[in-house]
J.: 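Dumping the structure here so I can ask a few things about it.
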Amino acid sequence: MSSGYVERLDRTLRQHQDWRTKECLNMIPSENRGSQQMKSMFLSDLGGRYNAPDKFYRGTKFADELQALTEELARKVFGARYADVRPLSGHTADMAVLLSLTKQGDKILSVNPDNGGYPGITHLGLGRILGLENLYFRYNDDAVNIDAKGSSHLMKDPKVVFFGSSFIPFPHPAKQLSAQAEGVCVYDASHVMGLIAGGAFQDPLREGCSLMIGSTHKSLPGPQGGIILSNDEEAFSKVSGKIHPGIVDNIHLDRVAALAVSLIEMLQYGKPYAQAVVKNSQALANALASEGVKLRGAAYGYSKSHQVLLDYEPARLKFLALRLEQANIITDDGGRLGTSELTRMGYGPAEMESVAELVAMIVLGKKAPDFVQKKVKTLVKQFQQPRFVLTSFPKPFD
Ligand SMILES: Cc1ncc(COP(=O)(O)O)c(C=O)c1O
């Protein structure tokens, strides 16, 4: 009875696995490749267990210790006095912030989704659900960044000011603007968490932000999940205090242990990894530009992060994402090209030139996707092992 389903499951999973890992250039900046060591945590007993702050469940003494160890690592990697690894995703962390620090009718300030802001906190998402008044920074399109001067007058009223964004090629002016804010400044580092871990971007907790929150799986090559970091006891205890039982019940202990592995990787290799990501973005952007591909942020050096942004009309970007996919170059409809996963897999600046050539063939319509796809497959075959991983690690679970 079940054999048909098992075969279908097995076949489809293998198709996905072989295609995305062995045949594609994975360039979605929200994604990354975890190490085998990190993934081995998902085979442990932890994924079937519960723990809770009030110790309602027994049998958790080692699980609790693992959670404490992960939080200790997070504090160390990010130079934070407080860390909470219970949010199940970046969005859950955003939700914890808004549910703790705002009430209906309050104003919050963030980057408009039209300018690449994360929609989840805006009038399209939590802002509407929670009855908040969403205000948006003035934006400088050429700089692909918040217009700090033009946004000064917006800093007084909002209860919460969010820096960070989904389209983020350059550091945000957090230091300058947080000094003028009367509410709590929060940096949503979902995208740039790995760059911050490696000291290759900005440092929000030392630039006036009370909280840094976000995903643990974008530029940080960790398990899919969320995190809250802070040096501000009051802000942290308000947000962290709301997590259980309000926002998360089961914290997915296997994910928490997997995050510990990724944080150890960051302690050891975070700096060279993050520097290599930014260097690769710049190499990719320069090579694309010299091929004639239109990019945003030219006057600012294109990128200081893991993102390079194509500069075409929305309908064209959607079309290009489809054509690139046909060539096994996986991006998104917004024209973001990410370098985190390629860097993680060992691609360097020289390979970025080859990648740029392949991307340009599609974007400029010079070659058919089939032609490019063959070249992509040949390139990808050479980069099959994640780098920046721990060389000595206990044997994974059976
Ligand atoms: C800036 C930002 N914050 C939050 C999120 C949500 O993250 P998650 O998918 O971990 O819930 C995203 C998603 O891409 C994002 O770009």
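Worth saying up front: this structure is predicted, and the values here are computed from it rather than measured. In each ligand, atom 1 is the first atom listed, and ligand 1 is the first ligand listed.
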J.: Taking atom types as modelled and ignoring hydrogens, do the side chains of T60 and N51 form a donor-acceptor contact shorter than 3.5 angstrom?
T.: no

J.: Suppose I only count heavy atoms of S215 and a 4.0 Å limit; which atoms of ligand 1 are within that range?
T.: 7 (O), 8 (P), 10 (O)

J.: Would you mind telling me which of K271, R344, R33 makes a salt bridge (Lys or Arg N to Asp or Glu O under 4.0 Å) with E265?
T.: R344

J.: Check whether the side chains of T343 and S340 place a donor and an acceptor atom closer than 3.5 Å, and report yes or no.
T.: no

J.: H191 heavy atoms, cut-off 4.0 Å: which ligand 1 atoms fall inside?
T.: 16 (O)

J.: Using the salt bridge (Lys or Arg N to Asp or Glu O under 4.0 Å) rule, take D18 and R14 through it: C-alpha gap first, then chi angles, then the decisive distance, then the call.
T.: CA-CA 6 Å; D18 288 348; R14 277 175 205 283; over 6 Å; no

J.: Between N280 (side chain) and M352 (backbone), is there a donor-acceptor pair under 3.5 Å?
T.: no

J.: Check this for me - ligand 1, G225, N or O atoms closer than 3.5 angstrom, yes or no?
T.: no

J.: Would you mind telling me which of S210, C185, C209, S110 makes a side chain to side chain contact (heavy atoms under 4.5 Å, CB included) with V161?
T.: C185

J.: In terms of atom number and element, which parts of ligand 1 are under 4.0 angstrom from non-hydrogen atoms of D94?
T.: 3 (N), 4 (C)

J.: Yes or no: does S165 have any heavy atom under 4.0 Å from an atom of ligand 1?
T.: yes

J.: Before signing off on this row, confirm whether D188 and ligand 1 have an N or O atom pair separated by under 3.5 Å.
T.: yes

J.: Please confirm whether H217 approaches ligand 1 to less than 4.0 Å, judged on its heavy atoms.
T.: yes

J.: Distance under 4.0 Å to a non-hydrogen atom of S166: what atoms of ligand 1 satisfy this?
T.: 1 (C), 2 (C), 15 (C), 16 (O)

J.: Identify the protein heavy atom lying closest to atom 13 (C) of ligand 1, giving its residue, its atom name and the separation to 0.1 Å.
T.: K218 NZ, 2.9 Å

J.: More than 12 heavy atoms of other residues, nucleotides or ligands under 6.0 Å from CD of E23: yes or no?
T.: yes

J.: Between Q224 and ligand 1, find which residue part has any heavy-atom pair under 4.0 Å and reply side chain, backbone, both or neither.
T.: neither

J.: Scan S219, S303, S305, S281 and name whichever one has a side chain to side chain donor-acceptor pair (under 3.5 Å) with T339.
T.: S281

J.: Number the atoms of ligand 1 from 1 as they appear, then name those within less than 4.0 Å of a heavy atom of H91, with their elements.
T.: 6 (C), 7 (O), 8 (P), 11 (O)

J.: With distance as the sole test, does E353 use its side chain to make a donor-acceptor pair with the main-chain N or O of A287 at under 3.5 Å?
T.: no

J.: Which protein non-hydrogen atom lies closest to atom 8 (P) of ligand 1, naming both residue and atom, and how far is it?
T.: G90 N, 3.5 Å

J.: Any N/O of S190 closer than 3.5 Å to an N/O of ligand 1?
T.: yes

